[in-house]
Amino acid sequence: MVVLGAGPAGLVLGNLLVAAGIDCVVLERATRSHVQTRARAGFLAPNTVRVLERHGLADGLHRGGRAHGTCEFRTGDGRFRLDYGALGRGEQHTVYPQQNLVTDLLTHYLDAGGRILFSMEALAVHDTDGARPYVTTREPDGRPTRWDARYVAGCDGRQGAARRSLPPSAVRHHHDHGVSWLGLLAEAPPSLDAVGYAVHERGFAGHMARSPQVTRYYLQCSRGFAADAWSEERIWDELDLRMGAVEHGPLRRGPIVERGVVDLACDVVEPLRHGSLLLAGDAASLTAPAAAKGANLAVLEAEALAKALAEALARGDEAALDRYSEQCLAHIWRAQEFTQWMTGLLHAIPGQDPSGGSFFHASLRRARLDSLRTSRAHQDWFAENYVGV
Ligand code: RFL
């Protein structure tokens, strides 16, 4: 069994395959230190935590994760809070940085005897319509290598070899939300004890705690915006303005240690199985980070895939593998639908708002926020979808 990629999907899958006694190797393009320090997600859904607990992979997040169940919306009309952890199904997120989760999963995998090769870039997956697929790779010194397997799991993200090797029958549904975010990681303590979503006429601003010392911020920016266009001071001033620092209190500033522009787009590959090539995580579907679903879907899919592969490899029974795609696509489309809703709630879409000329969409957003502020039924729906995958 060859697994491409050592992100949450590939490492959960690798751990479960090793636990099931299946011979597997993980091939990862990046170095170990890069994989263990790549800051991305932080909000784990209760279902994700349950999957990790079920397989003894949750020790680290039990030690270092923090329960989180409140978000605050700020608009020109004031602010309101939703204690989503007490609404809907009464479930909370666990805040645990993705790089810590990846480090835990990797340690566990190696301790269990799992094999992984870093700096090993997969170039393509071949012969996926038969029972003897193989992966071609480039060694760190540039030499080509070939890896034969019974199945190949494509967990190598949006730009990996698995996606490049899909047969023409694969359908890629793509949707561009039309907005971009400047994503920032600040060495500064969180400024509020909640996720902060500011819906401002200059664009969205977001605040998400990562740890007591580190906070993620987002600023909606124009397409093609250069990540280094603004000085740190300019960024903090803009965050202050959109988050309403004058009315609601100043943000706690600190050095910005990472910045990058994310174009909010999503896509889904259908189906997730192409003969002996199976997709999971971002390789299968990409969700815009507005609703924090990506890492959570990756973990869920990895568990479903491990179970199906174990049945296929141990007993030659492919029934679960045949169902894998349909089973996961149901979750994926639910996550896409909520992400789409959330994106519409948070953004002035260019060309649809006062700055772009139309009053209509801004008024719809205001009405949606008002409903969320006042309707218990709407709040329950939000909470259920916000923490769910
Ligand atoms: P990953 O984590 O991208 O891992 C894929 C791995 O494959 C390697 N790779 C290759 N290896 C071998 N050969 C090749 N040709 C290869 N090409 C790539 C890569 O080096 C990498 O190690 O995919 P995976 O495992 O599917 O996990 C998906 C999640 O990482 C992703 O969905 C989330 O980070 C998305 N996301 C969030 N998700 C959440 O659930 N909650 C959040 O709060 C959240 N915040 C975020 C996010 C994503 C963000 N960015 C950077 C888009 C915040 C941001 C800013």
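Order of listing sets the numbers, starting from 1, for every ligand and every atom in it.
Near L27, meaning under 4.0 Å from any of its heavy atoms, are these atoms of ligand 1: 11 (N), 12 (C). Ligand 1 places these atoms under 4.0 Å from at least one heavy atom of G281: 26 (O). Numbered from 1 in the order shown, with element, the atoms of ligand 1 that lie under 4.0 Å from a heavy atom of N296 read 40 (O). Remark: ligand 1 atoms within the under-4.0 Å shell around heavy atoms of F43 are 41 (N), 43 (O). Near R38, the atoms of ligand 1 lying under 4.0 angstrom from a non-hydrogen atom of the residue are 19 (C), 20 (O), 21 (C), 22 (O). For ligand 1, the atoms closer than 4.0 angstrom to any heavy atom of R158 are 52 (C). Remark: ligand 1 atoms within the under-4.0 Å shell around heavy atoms of A292 are 39 (C), 40 (O), 41 (N), 42 (C), 43 (O). Near G42, meaning under 4.0 Å from any of its heavy atoms, are these atoms of ligand 1: 42 (C), 43 (O).
For ligand 1, one of its N or O atoms has an N or O atom of P8 under 3.5 Å away. Checking only distances, P289 never comes within under 3.5 Å of ligand 1, N or O to N or O. Considering both main-chain and side-chain atoms, E28 comes within under 3.5 Å of ligand 1 through a nitrogen or oxygen pair. Between Q159 and ligand 1, no N or O atom pair is found at a separation short of 3.5 Å. Distances between N or O atoms of R29 and those of ligand 1 include at least one value under 3.5 Å. The shortest N or O to N or O distance between A280 and ligand 1 is not under 3.5 Å. Considering backbone and side-chain atoms together, A122 places an N or O closer than 3.5 Å to an N or O of ligand 1. Considering both main-chain and side-chain atoms, Y218 never comes within under 3.5 Å of ligand 1 through any nitrogen or oxygen pair. Close N/O approach between G160 and ligand 1 is not found [any backbone or side-chain N/O within under 3.5 Å]. Remark: ligand 1 and R40 share an N or O pair separated by less than 3.5 Å (distance only, no angle test).
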Residue pair E232, R234: steps toward the salt bridge (charged side-chain N to carboxylate O under 4.0 Å, His left out) verdict: CA-CA 5 Å; E232 293 202 9; R234 172 85 173 83; over 6 Å; no
Worked verdict on D240 versus R253 for salt bridge (charged side-chain N to carboxylate O under 4.0 Å, His left out): CA-CA 10 Å; D240 269 347; R253 297 187 176 199; 2.8 Å; yes
Evaluation steps, salt bridge (charged side-chain N to carboxylate O under 4.0 Å, His left out), between E318 and R150: CA-CA 12 Å; E318 287 206 338; R150 174 63 192 89; 3.4 Å; yes
Stepwise salt bridge (charged side-chain N to carboxylate O under 4.0 Å, His left out) test for R365 and D370: CA-CA 9 Å; R365 256 181 323 129; D370 198 45; over 6 Å; no
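If you look at K293 next to ligand 1, the close heavy atoms, those under 4.0 Å, all belong to the backbone.
For the pair V152/L278, no side-chain contact is recorded, criterion being any heavy-atom separation below 4.5 Å from C-beta on. Inter-residue side-chain proximity for L372 and L82 is flagged as met; some heavy-atom pair is nearer than 4.5 Å. Looking only at side-chain heavy atoms (C-beta outward), L105 and L101 come within less than 4.5 Å of each other.
Ligand 1 is never approached by L4 to a heavy-atom distance shorter than 4.0 Å. Distances from ligand 1 to the non-hydrogen atoms of M120 include at least one value under 4.0 Å. Residue-ligand proximity: G183 is placed with every non-hydrogen atom at 4.0 Å or more from ligand 1. Ligand 1 does not have H34 within reach: every non-hydrogen atom of the residue lies 4.0 Å or more from it.
A donor-acceptor contact closer than 3.5 angstrom links the side chains of H62 and E53. Y84 and H93 form a side-chain donor-acceptor contact under 3.5 Å, judged by distance and modelled atom types alone.
Taking the charged nitrogens against the carboxylate oxygens, R373 and D77 have no contact shorter than 4.0 Å, which rules out a salt bridge. A salt bridge links D322 with R273; the closest basic N to acidic carboxylate O contact falls under 4.0 Å. Remark: R132 does not engage D127 in a salt bridge, criterion side-chain N to carboxylate O under 4.0 Å. Checked for salt-bridge contact, E247 and R79 miss the test: no charged N lies under 4.0 Å from a carboxylate O. For E187 and R216, the salt-bridge test fails: no basic side-chain N is under 4.0 Å from an acidic carboxylate O.
For atom 53 (C) of ligand 1, the nearest protein heavy atom lies under 4.0 Å away. Put simply, atom 11 (N) of ligand 1 has protein non-hydrogen atoms near it, under 4.0 Å away.
To the nearest 0.5 Å, atoms CD (Q336) and OG1 (T287) are separated by 6.0 Å.
With respect to atom 40 (O) of ligand 1, the closest heavy atom belonging to the protein is A295 N, 2.8 Å. Nearest protein neighbour of atom 25 (O) of ligand 1, counting heavy atoms only, is A9 N, 2.9 Å. Taking atom 32 (O) of ligand 1 as the reference point, the nearest protein heavy-atom neighbour is D282 OD1, 2.7 Å. Among all protein heavy atoms, the one lying closest to atom 5 (C) of ligand 1 is C155 O, 3.4 Å. Among all non-hydrogen protein atoms, the one lying nearest atom 18 (C) of ligand 1 is D156 O, 3.2 Å. Scanning all protein heavy atoms for the shortest distance to atom 34 (O) of ligand 1 gives Q98 OE1, 2.8 Å. At the shortest separation from atom 4 (O) of ligand 1 among protein heavy atoms lies G7 CA, 3.4 Å. Closest to atom 42 (C) of ligand 1 among all protein heavy atoms lies A41 CB, 3.2 Å.
No close placement of the W230 and W236 rings is indicated, their centers lying 6.0 Å or farther apart. Proximity of the aromatic rings of H175 and H177 is defined here by a centroid distance below 6.0 angstrom, and this criterion is met.
Of the possible donor and acceptor atoms, one in the side chain of H207 sits under 3.5 Å from a partner among the backbone N and O of S191.
Open room surrounds CD on E326; 12 or fewer heavy atoms of other groups in view lie less than 6.0 Å from it.
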